[in-house]
Engineer: 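One structure, pasted below without further comment.
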Amino acid sequence: MEAPTAAMVWFRKGLRVHDNPALDAARRGAGRLYPVFVLDPRYLRPDPAAASPGSARAGVARVRFLLESLGDLDARLHRLGSRLLLLRARDDDDAAGAVCAALKDWNIGRLSFESDTEPYALARDKKVTDFAMSSGIEVFTPVSHTLFDPADIINKNGGRPPLTYQSFIAIAVEPPEPILEEYSELPPVGDTGEYELLPVPTVEELGYGDISQEEISPFQGGETEALRRMKESLQDKEWVAKFEKPKGDPSAFLKPATTVLSPYLKFGCLSSRYFYHCIQDVYRSVRNYTKPPVSLTGQLLWRDFFYTVSFGTPNFDQMKGNKICKQIPWSENEELFVAWRDGRTGYPWIDAIMIQLRKWGWMHHLARHSVACFLTRGDLFIHWEKGRDVFERLLIDSDWAINNGNWLWLSCSSFFYQYHRIYSPITFGKKYDPNGNYIRHFIPVLKDMPREYIYEPWTAPLSIQKKAKCIIGKDYPKPVVDHDTATKECRKRMGEAYASNRLDSYSSKGKPSNLSRRKWSHGDQDASNSSIARQLKTSRSD
DNA sequence: TAAGATGTTGTCTGT
DNA sequence: AACAGACAACATCTT
């Protein structure tokens, strides 16, 4: 062994220099530092068979966001005398293989990477950890993606994840302070031998063609932009102090009603702990401020809530085998599903949101609620997993725990059960944006439809449709379902499904709540390990 | 144990 | 403009 230790920091999420415990640990006492990111072909390769531009895993907006984030990380490392080493996985989904090979070839003594609780990541990281252990490489995997350690919260809750927000925040009180130290330099990068070091590719170089003409996400990836955006948002102290998530305007797109920091949190361009810390600074300087669950910090706690529940719940991302998920006989209808996915339901409010999703990879939270409700319990009665898949691929802030958690919520499968509260695809958007500016922007064919018909263009007289150069049924689709009758039918089916779920619980003796509690208590001895084991068994293979 | 309070973000009508 | 109550009614937690 050489005297100065070679350390590797493996970036996956956590694409930042600030408040990065994995980087911080790797640099300490290291003679040489290898900052690595692995490009996964399956994530980046264009998939012509996909329903919209992008790879099999990600829409082109998120591919671009990731590449921008990597470019920015590389630039920031350069300023500290380092650089990002991009490796290419030889096979699809085999980042672990590339890391293991580099560990061996570069004679790495210490490896650190941020802990990741997603099933896919747990399986991937286990391969690397097993290899490192057997090779005598020291491994450090700090928790820094979330405010709290999900395993720790589960332990403090008696081995079960808290299933309500209130019970969660009763345990999750004060998150750890971020690392505030700013580096002036990092250890030099060591010899990389035979390795071909790739520059960060552009979307064009990856084969997506020229996307500069298309309207794509206005949000630029990277830590630099994340910090700029956060500071800009927090500058308006009154806005921060008065922030109430449910009161935001989902139709605001020129200036969104939220911070739009979610994609930066998803990739870890922004540390949630640093963000939390900075919000607290603002709160200290004002007299009154809103509180969780509606406040800005409340949003970060929701994020941690879903991370924690997803970590402690086997089969969290599916209905079957998921103990916290209502079993509902969703109907199969490919035609209706495709109309929803492609923004052709005939309801302009719904379609505009789906088109914003495809182009920008981002929509306001309440807009997501509208379309999720419409697809599932509100109108089409289609399985939430189908909608989840579409969001998972297209959102730039696509986050496994949060996306699945919200689909469970919106479909009234878990967490939220008031299925008679249904968003209207006509009036909900209208109350924020009576003129329909949002619709006119994302569905240009409707741009000249008069204000009184913009949310229900099929009710416009033919003469008006002609004048607006938009014939319903030809230039823009007729509604795929009648909302009033579809909603009634959905309510009825939800009622039946709930009754059947109650019956199932009672018939297997005991009260439903007690039953599920008994089942949970089996894994109490070592909650974190047992849930890791469970998660590993259910890791995604798509 | 039964009853009451509570739950981030529904819609419609009426004041 | 902002709010209250009806609508029809869920699960979970506390008392």
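Proteins get letters first, then strands, A, B, ... in listed order; numbering begins at 1 in each. Note that the coordinates shown come from a computational prediction; the quantities given were computed from them, not determined experimentally.
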Engineer: Quick check, are the ring centers of A:Tyr307 and A:His145 under 6.0 angstrom apart?
Structural biologist: yes
Engineer: Indicate whether OP1 or OP2 belonging to B:dG7 is found under 4.0 Å from a side-chain N or O atom of A:Thr164.
Structural biologist: no
Engineer: Would you say a side-chain N or O of A:Lys326 is under 4.0 Å from OP1 or OP2 of C:dC10?
Structural biologist: no
Engineer: Between A:Gln166 and C:dT14, does any side-chain N or O lie under 4.0 Å from OP1 or OP2?
Structural biologist: no
Engineer: Enumerate, in order of first residue number, the stems that involve DNA chain B, defined as 3 or more consecutive Watson-Crick or G-U wobble pairs with both distances under 3.5 Å.
Structural biologist: B:2-7 with C:10-15, B:10-15 with C:2-7
Engineer: Is the centre of the A:Trp302 ring less than 6.0 Å from the centre of the A:Trp409 ring?
Structural biologist: yes
Engineer: Measuring centre to centre across the rings, with the benzene-like ring taken for any Trp, is A:Phe374 within less than 6.0 Å of A:Trp340?
Structural biologist: no
Engineer: Indicate whether A:Tyr498 forms a stack on C:dC10; treat it as stacked only if centroid distance is below 5.5 angstrom and interplanar angle below 30 degrees.
Structural biologist: no
Engineer: Is the A:Phe306 to A:Trp400 ring centre distance short of 6.0 Å?
Structural biologist: no
Engineer: Quantified in whole Å, what is the C1' atom distance between nucleotide B:dA3 and nucleotide C:dC7?
Structural biologist: 23 Å
Engineer: Is the distance between the ring centroids of A:Tyr347 and A:Trp458 under 6.0 Å?
Structural biologist: yes
Engineer: In whole Å, what separates the C1' atom of B:dT1 from that of C:dT12?
Structural biologist: 16 Å
Engineer: What interatomic distance, in whole Å, is found between C1' of C:dA9 and the corresponding atom of B:dG4?
Structural biologist: 15 Å
Engineer: P atom, C:dA6 versus B:dT8: distance in rounded Å?
Structural biologist: 24 Å
Engineer: Any side-chain N or O of A:Arg502 under 4.0 Å from OP1/OP2 of C:dA11?
Structural biologist: yes
Engineer: Whole angstrom is fine here: how far is it from OH in A:Tyr419 over to P in B:dG10?
Structural biologist: 16 Å
Engineer: Base, sugar-phosphate alone, or nothing: which one does A:Phe415 contact when heavy atoms must sit under 4.0 Å apart?
Structural biologist: nothing
Engineer: Could you tell me whether A:Lys359 sits above the aromatic face of A:Phe442, with NZ or CZ closer than 6.0 angstrom to the six-membered ring centre and within 45 degrees of the axis?
Structural biologist: no
